[in-house]
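Here's the structure we're looking at; comments come further down.
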Amino acid sequence: MKASQTAYEPVGLTAGAVGGMAAGTVFKQAWKMLGRDEDALDATDEERDRGGVLLAATPQGVVFAAVTAAVDRVGATVACRLTGTWPG
């Protein structure tokens with residue numbers, strides 16, 4: 001493993017955590033804008049049917065993947081500018 005990858009590891013973990021929190025916030029706001037329930041459907045809510053839960057989980061997964069990828073990409077770009085080496 002290159003030194004730049006080792007040095008980037010804590011930055012990548014932090015970026016992932018921040019991205020996950022940001023993705024949750026983005027999805028909750030989008031869910032409310034769609035005029036849905038107060039919160040997205042919970043997979044363990046026995047009052048909800050399987051189809052509704054899966055339908056809600058799909059856009060949630062897309063938002064999570066997009067936001068965390070964007071945050072991770074920004075972190076890698078900043079690390080590259082600071083060190084001169086791409087961390088990946």
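Keep in mind that what you see is a predicted model, and the values were worked out from it rather than measured.
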- Message: I need the minimum non-hydrogen distance between Cys80 and Trp86, along with the two atoms involved.
- Response: CB-CE3, 3.7 Å

- Message: Please tell me whether Leu13 and Val78 are part of a single hydrophobic cluster in this structure, the criterion being side-chain heavy atoms less than 4.5 Å apart.
- Response: no

- Identify the heavy atoms of Gly16 and Thr68 that sit nearest to each other, and give their distance. O-CG2, 4.4 Å

- Task: State the CD-OG1 distance between Glu9 and Thr14, to the nearest 0.5 angstrom.
- Result: 10.0 Å

- Message: Which heavy atom of Ala79 sits nearest to which heavy atom of Tyr8, and what is that distance?
- Response: CB-CD1, 3.7 Å

- Item | Trp31-Val26 co-clustered via ILVMFWY side chain contacts under 4.5 Å | yes

